[in-house]
Amino acid sequence: MCALKTNTQAKKRPPLIDDDFDLREVIQKYLYYWPVFLLFTIITLIGAYAYHVVTKPLYDIKATMLLQDDKGANDIKTSLQEMGISSSPRKLEDDVELIKSRRIVENVVKDLKLWISYKVVVNHLKENLYKNTTPVTFNFIRNSGKLNQKITIVIESSYTFLLKTSDDPEISGTEYSFSSTVESNFGTWQLTPTPNLRKYIGSTIVIELADPKDITDTYQSTLEVALRDKLESSIVDISVKDQIPQRGQDFINYLISSYNKTEVADRNAKTKGTLDFIDQRLDSLAIELNLAEKNVENYRSSHGITDVNAQSQVYIQNAQTNGLKLDDVNVQLKVINEIENYINSPNITDRTVPSTLNIGDQNLVTLVQSYTDQQLERSRMLATTPEKNPAFEPINKQIATTRAAIKENINNIKASLTATRNALQNYGSQFKSSIEGIPGEDRELAALKRLQASKESLYNVLLQKREETALSYASIVSNARMVDLAYVIPPKKSKAILPFIIALVLGLLIPAGLIYIRDTIKNQVTSLRNIEKALPIPISGDLEWGKLRSPIVTDAANAKVNFILIEQFRSLRTQLYYLHDNDSKGRVTLIASSVAGEGRSFISSNLGVALATSGKKTIILELNLYRPVMSDIFNLPVSHPGMSNYLNWESLKEEVIQNTVTYRNLDVIAAGQFIPNFSELLDRKRIEILIDWLRLHYDHIIIDSSPLQVIGDANIVSRLCDITLYIIRKGFTSKTQLPFINKLHTDDQLPKMSILFNGVDPIRYGYKDYFLVKDK
């Protein structure tokens, strides 16, 4: 089996799909901690079992009801809605919110006394009791307001109980009779026995009093009220969760009943308000209607109006009659004037005799006729007799007498007709004024009658609406109808298994999270991907971590335990030939690291052993003067001179070289005695002389240096080295060291750097077989 890939192989490694994540690596990493996962899983499963035993299952209680909104065809609109002065109709969503409102839920909690719970202690566990199973009933006589109390009693007999514990120490341990009053610091109360009392004699009963508001919050959080289909259905599903099925059923049934009562009460209140409003308006309208009727009556009386239309007809007929009479008088006056002109004319022979047709006075007609005849007689006489003939004297006297009589008669008739005409003209003016005033009176009377009619119409409408509202008030019912009473859905078996599933998941997640947090906080290099992502330095290979009984892995005590690690050092030995470009002698290899504890001395000693066992003459130079370990690893005398003695001119190079008795071909130059100016001595020519001499006498020179980030000795001797194996220890080297290593490489401070990944635990870090390939 080959434990290390060569540098060429490393270059040909296919690119990683994800530089930070490999599922196989992660799984193998966490499998290392399987005892921790097993422990946490056992603990969480025990907790789940305890939870399963102690916690009672929650039952789903459901019910179904039918709601009818205000827009339904069968609903009766209220009077206010028909009059257009009510609010908009309530929607089904509003009813849903009302059902689960805090007011209704709190009323249910208080009415059913759900804030009082009863439990019986059985085998140190409490079992829930309800009203059909509880032996006693708690009743408050006077509540002082202090709730959240716990009362523990022991039922001694059918008549007495022992108050075992209470929040009031003064009454604890006192014996009481059932139905007797108990005075405590949270009020006066009593326990009433139920028919189940005999079953619980000798039992311990725990009565817990909670704040009704807290219980209301609990039920509101589990109560679900929803429309089955918001668009097409009015069915409402109601559900709640409860440990006691009967209590949950009572809660939902009473909730629906309370909603119905509240709904009916709200509608009754609304209808009662409508009736009160209508009654107030009727009283007000009755007064206004009476006033309007009195105004019409007073107007008729003051203006003498019974019937405006009939009276206007009378006025018109009288005006027409008066006009006819006035026309007749005017005609008579005209005839009289013509007669007068005729009488006053000096020559009547040339004038036409006026008509006396319309003259009502026969005496005047006779006189005019006589006068006309006399004139005609005179005219005949003039035809035969001269005008001055005495024969004309009688006729002239008759004519004069007749003319005088006619004039007198005309004056009398004319005066009479003139007076009649004036009177008729006055009557005509009165009739005209009356006729002209009729529209105004008619308008005023119509306005009064219109006001009266509107008041009367509104009064009649309100009377009708009052009767309709009264009938609706007497027949109000809730808009909800029960479809299914509350029923219990037994818990599913999957819910009983759920705590164990959660416990199993937590048993895996908690340790995984702790491991992840620990690794994140430590921020250590845990995979080759961390190195490859941060450093452009080639990786020579890795060394597996193992429990060793001896520092040298090839010792007989370790051979069977760490076979893979032995093979990895042999592969590293082979890798050195490629790193040194196949130089046959004098290969100087610097073993370096950032801090102490990364395995420089362990790798230097075992690599030296691996080279020596292959027949290569090898020497190890220990330049870590501050923590020397080579003498202990190879069981060499500590007092023997070392590098410090040679550099300080205290010993010759031949004197500081020690041969390891156990391993042929392997020599060691230990650190020697501590001197404070060791770094200055390394910078002198003497170290170059030693390295050059060793190149001539040894195939491999391995230099074990001090940590670079603490002490700079490795930088001083790096100029004398051919290659550098830089050690990064898995799970130990911090990622913050990687930038420092990268700077060493970028600045060429160390020759031909390559990374050696040390301390790989293939199981712990999920790194198994990453560099291991089977030989064919």
* **Nearest non-hydrogen partners of Pro135 and Leu129, listed with the distance** => CD-CD1, 3.8 Å
* Ile207 versus Trp189: any side-chain heavy-atom pair under 4.5 Å? -> no
* Side-chain H-bond candidate by donor/acceptor type, Tyr254 with Asn107, under 3.5 Å -> no
* Report yes or no: does Asn196 contribute a side-chain atom to a donor-acceptor pair with the main-chain N or O of Asn132 at less than 3.5 Å? => yes
* Flag side-chain contact, heavy atom, 4.5 Å: Ile531 against Val525 -> yes
* At what distance, to the nearest 0.5 angstrom, does CG of Asn260 lie from CD1 of Ile104? -> 9.5 Å
* Does the ring centre of Phe251 sit less than 6.0 Å away from the ring centre of Tyr219? -> yes
* With a cut-off of 6.0 Å (strictly less than), are more than 12 heavy atoms of other residues, nucleotides or ligands near NZ of Lys735? -> yes
* **Under 3.5 Å donor-acceptor, Gln243 side chain and Tyr59 backbone** => no
* Salt bridge check: are Glu106 and Arg103 linked by an N-O gap of less than 4.0 Å? -> no
* Please report the C-alpha distance between Arg102 and Thr216 in whole Å, then the side-chain angles of each, then the deciding distance to 0.1 Å, and finally whether the side-chain contact (heavy atoms from CB on, under 4.5 Å) criterion is met. => CA-CA 7 Å; Arg102 184 176 183 84; Thr216 300; 3.8 Å; yes
* Asked: With distance as the sole test, does Tyr200 use its side chain to make a donor-acceptor pair with the main-chain N or O of Thr133 at under 3.5 Å?
  -> yes
* Would you call Asp237 and Lys62 a salt bridge, taking side-chain N to carboxylate O under 4.0 Å as the test? -> no
* Asked: Does a side-chain heavy-atom distance below 4.5 Å link Ile201 with Ser158?
  -> yes
* To do: Evaluate the side-chain hydrogen bond (donor to acceptor under 3.5 Å, both in side chains) criterion for residues Tyr259 and Asp95: first the C-alpha distance (whole Å), next the side-chain angles of each, then the deciding distance (0.1 Å), finally the verdict.
  => CA-CA 9 Å; Tyr259 164 74; Asp95 290 320; 3.2 Å; yes
* Do any N or O atoms from the side chain of Gln249 and from the backbone of Ala486 form a donor-acceptor pair under 3.5 angstrom? -> yes
* If you measure only the distance, is there a donor-acceptor pair under 3.5 Å linking the side chains of Asp250 and Tyr130? -> yes
* For Leu162, does its backbone N or O pair with a side-chain atom of Glu156 as donor and acceptor, under 3.5 Å? -> no
* Structure fact -> Shortest non-hydrogen pair, Val96 vs Val225, comes out as CG1-O, 3.4 Å
* Asked: At what distance, to the nearest 0.5 angstrom, does CZ of Arg228 lie from OG1 of Thr64?
  -> 5.0 Å
* Can any side-chain N or O of Thr41 pair as donor or acceptor with the backbone N or O of Phe37 at less than 3.5 Å? -> yes
* Evaluate the side-chain proximity of Val206 to Lys126: yes if any heavy-atom separation is below 4.5 Å, no if none is. => yes
* Derivation and outcome, side-chain contact (heavy atoms from CB on, under 4.5 Å), residues Thr137 and Asn139 -> CA-CA 6 Å; Thr137 301; Asn139 298 304; 4.0 Å; yes
* Asked: Going by an N to O cut-off under 4.0 Å, is there a salt bridge joining Lys119 and Glu208?
  -> yes
* To do: Using a cut-off of 6.0 Å, state whether more than 12 heavy atoms not belonging to Tyr487 lie near its atom OH.
  => yes
* Arg729 side chain vs Gly597 backbone, donor-acceptor pair below 3.5 Å -> yes
* To do: Report yes or no: does Ser184 contribute a side-chain atom to a donor-acceptor pair with the main-chain N or O of Gly187 at less than 3.5 Å?
  => yes
* Structure fact -> side-chain contact (heavy atoms from CB on, under 4.5 Å) with Glu175: of Leu163, Thr160, Val154, only one passes, and it is Thr160
* Would you mind reporting whether Ile235 and Leu227 have side-chain heavy atoms less than 4.5 Å apart? => no
* Say whether, by atom type as modelled, one donor and one acceptor occur between the side chain of Thr44 and the main chain of Ala503 under 3.5 angstrom. => yes
* Check whether any side-chain heavy atom of Leu255 sits under 4.5 Å from a side-chain heavy atom of Val105, and report yes or no. => yes
* Asked: How many angstroms lie between CG in Asn148 and CH2 in Trp115, if you round to the nearest 0.5 Å?
  -> 11.0 Å
* Counting heavy atoms not belonging to Arg198, are there more than 12 under 6.0 Å from its CZ? -> no
* To do: State whether Glu183 and Arg142 are salt-bridged, where the test is any N-O pair (Lys NZ or Arg NE/NH1/NH2 against Asp/Glu carboxylate O) under 4.0 Å.
  => yes
* Asked: Between the side chain of Thr262 and the main-chain N/O of Ser258, is any donor-acceptor distance below 3.5 Å?
  -> yes
* Verdict with reasoning, Thr181 to Gln190, per side-chain hydrogen bond (donor to acceptor under 3.5 Å, both in side chains) -> CA-CA 5 Å; Thr181 58; Gln190 64 176 193; over 6 Å; no
* Relative to the ring of Phe138, is the ring of Phe140 parallel (under 30°), tilted (30 to 60°) or perpendicular (over 60°)? -> perpendicular
* At what distance, to the nearest 0.5 angstrom, does CG of Leu528 lie from NZ of Lys533? -> 14.5 Å
* To do: Using the ring pair (Phe, Tyr, Trp, His ring centres under 6.0 Å) rule, take Phe161 and Phe178 through it: C-alpha gap first, then chi angles, then the decisive distance, then the call.
  => CA-CA 7 Å; Phe161 66 91; Phe178 287 110; 5.2 Å; yes
* How about Thr204 and Thr152: do any of their side-chain heavy atoms sit closer than 4.5 Å? -> yes
* Asked: Any side-chain heavy-atom pair from Ile99 and Ile238 closer than 4.5 angstrom?
  -> yes
